[in-house]
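Note: hydrogens, waters and symmetry copies are ignored here, and every other heavy atom, side chains too, is used. We count ligands from 1, going down the list as the structure has it; atoms in each ligand are counted the same way.
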Amino acid sequence: MESLKYNCNNNKNRLLIAEKEKYALLTDILNMPSNAMVLIAGPCSVENYSGFEEIAIFLKENGVKCIRGGAYKPRTSPYDFQGLHEDGLKILNEVAKKHNLSTITEVLDTRHVELVSNHADILQVGARNMQNYELLKEIGMSGHPVMLKRGFCATIEEFMHAAEYIALNGNNKIILCERGIRTFETKTRNTLDISCIPIIKLETSLSIVVDLSHSLGRKDIICPIAKAAIAAGADGIMIEVHPDPENALSDCKQQMSMIEFHELINSLKCDKNINLLHSAK
Ligand code: PEP
Ligand code: MN
């Protein structure tokens with residue numbers, strides 16, 4: 001019986017822990033050398049074809065392998081821009097194919113898993129959906145590569161349990177993403193839990209990406225925090241970049257301009273402890 005598979009597992013037998021060697025690394029999914037530091041970047045939302053292509057060309061020149069852009073946006077207010085939906089997926093897919101980039105975009109709903117999988121290389125489960133178990137099961141059954149973001153009030157244990165739902169349904173292409181948790185601190189949008197990175201690396205074999213933009217909600221401290229995340233063992237970093245951040249339709253305060261992103265990459269390249277060479281063009 002279908003429901004039995006959820007009953008017979010106890011914490012000690014979790015697939016993520018018991019079958020570590022089974023899981024694909026982010027670099028495998030993106031066809032990159034296993035020691036490459038993965039850069040995921042792109043706008044918060046896909047807004048139109050020309051702006052998205054402008055960013056894609058720029059990111060490609062700056063060593064980015066995987067472009068992001070939301071087509072289904074989980075906005076706090078229902079009156080805010082909700083994304084271009086299927087039209088956004090088409091723009092993402094067409095532009096990325098034209099410029100030989102891999103793609104990641106969020107899926108919000110079980111009904112869209114197939115559609116989004118047809119347009120993107122990696123599905124993103126956002127923080128608000130980390131405990132949407134029906135969505136996790138559907139993505140598990142799809143077998144499509146997925147990046148699961150930590151919920152903003154989720155413990156690391158809950159985060160791992162959520163990933164387990166995907167694994168238990170047959171998907172071994174799971175990437176985790178630390179994107180900050182809610183604390184009393186107000187200087188940043190969320191508090192990046194840096195200790196999550198080595199704990200995930202110790203307890204599982206999954207790759208972990210740090211989303212600097214949603215963790216911090218500001219761009220002036222991205223560089224030192226990117227270095228900290230990489231030093232703690234992150235396999236990749238994700239950053240929002242927009243051709244005209246001030247006029248972006250979502251997350252306008254935290255998206256980097258192209259100049260700012262270029263400077264960030266140069267500064268990371270100058271750090272002798274960070275090797276971005278593999279991800280460069
Ligand atoms: C996003 O990456 O576009 C996003 C909405 O992030 P989060 O789910 O982490 O808030
Ligand atoms: Mn965003």
For this session: Say whether, by atom type as modelled, one donor and one acceptor occur between the side chain of K219 and the main chain of Q255 under 3.5 angstrom.
Result: yes
Problem set entry | Side chains of N190 and S215, donor plus acceptor under 3.5 Å | no
Exercise. Have H161 and Q131 got a donor and an acceptor in their side chains that come within less than 3.5 Å?
Worked result: no
Note every protein N or O atom lying under 3.5 Å from an N or O atom of ligand 1, pairing the names and giving the distance.
| unit_1 | atom_1 | unit_2 | atom_2 | d |
| --- | --- | --- | --- | --- |
| ligand 1 | 2 (O) | R68 | NH1 | 2.8 |
| ligand 1 | 2 (O) | Q124 | NE2 | 2.9 |
| ligand 1 | 2 (O) | K149 | NZ | 2.8 |
| ligand 1 | 3 (O) | R68 | NH2 | 2.8 |
| ligand 1 | 3 (O) | K73 | NZ | 3.0 |
| ligand 1 | 6 (O) | K149 | NZ | 2.8 |
| ligand 1 | 8 (O) | A127 | N | 2.8 |
| ligand 1 | 9 (O) | K149 | NZ | 2.8 |
| ligand 1 | 9 (O) | R179 | NE | 2.6 |
| ligand 1 | 9 (O) | R179 | NH2 | 3.4 |
| ligand 1 | 10 (O) | R128 | NH1 | 3.0 |
| ligand 1 | 10 (O) | R179 | NH2 | 2.8 |

Exercise. Excluding sequence neighbours, so at least two apart, what forms side-chain hydrogen bond (donor to acceptor under 3.5 Å, both in side chains) with T183?
Worked result: T191
Seminar exercise, completed: For the Mn ion (ligand 2), protein N, O or S atoms at a distance below 2.8 Å amount to 4
Problem set entry | Flag side-chain contact, heavy atom, 4.5 Å: I40 against I122 | no
Problem set entry | Residues in side-chain hydrogen bond (donor to acceptor under 3.5 Å, both in side chains) contact with N171, at least two apart in sequence or another chain | none
Exercise. Strictly by modelled atom types, are H214 and D251 linked by a side-chain donor-acceptor pair under 3.5 Å?
Worked result: yes
Problem set entry | Main-chain N/O of C44 paired to S250 side chain as donor or acceptor, under 3.5 Å | no
For this session: Quick one: sort the F58 and F261 rings into parallel, tilted or perpendicular, breaks at 30° and 60°.
Result: perpendicular
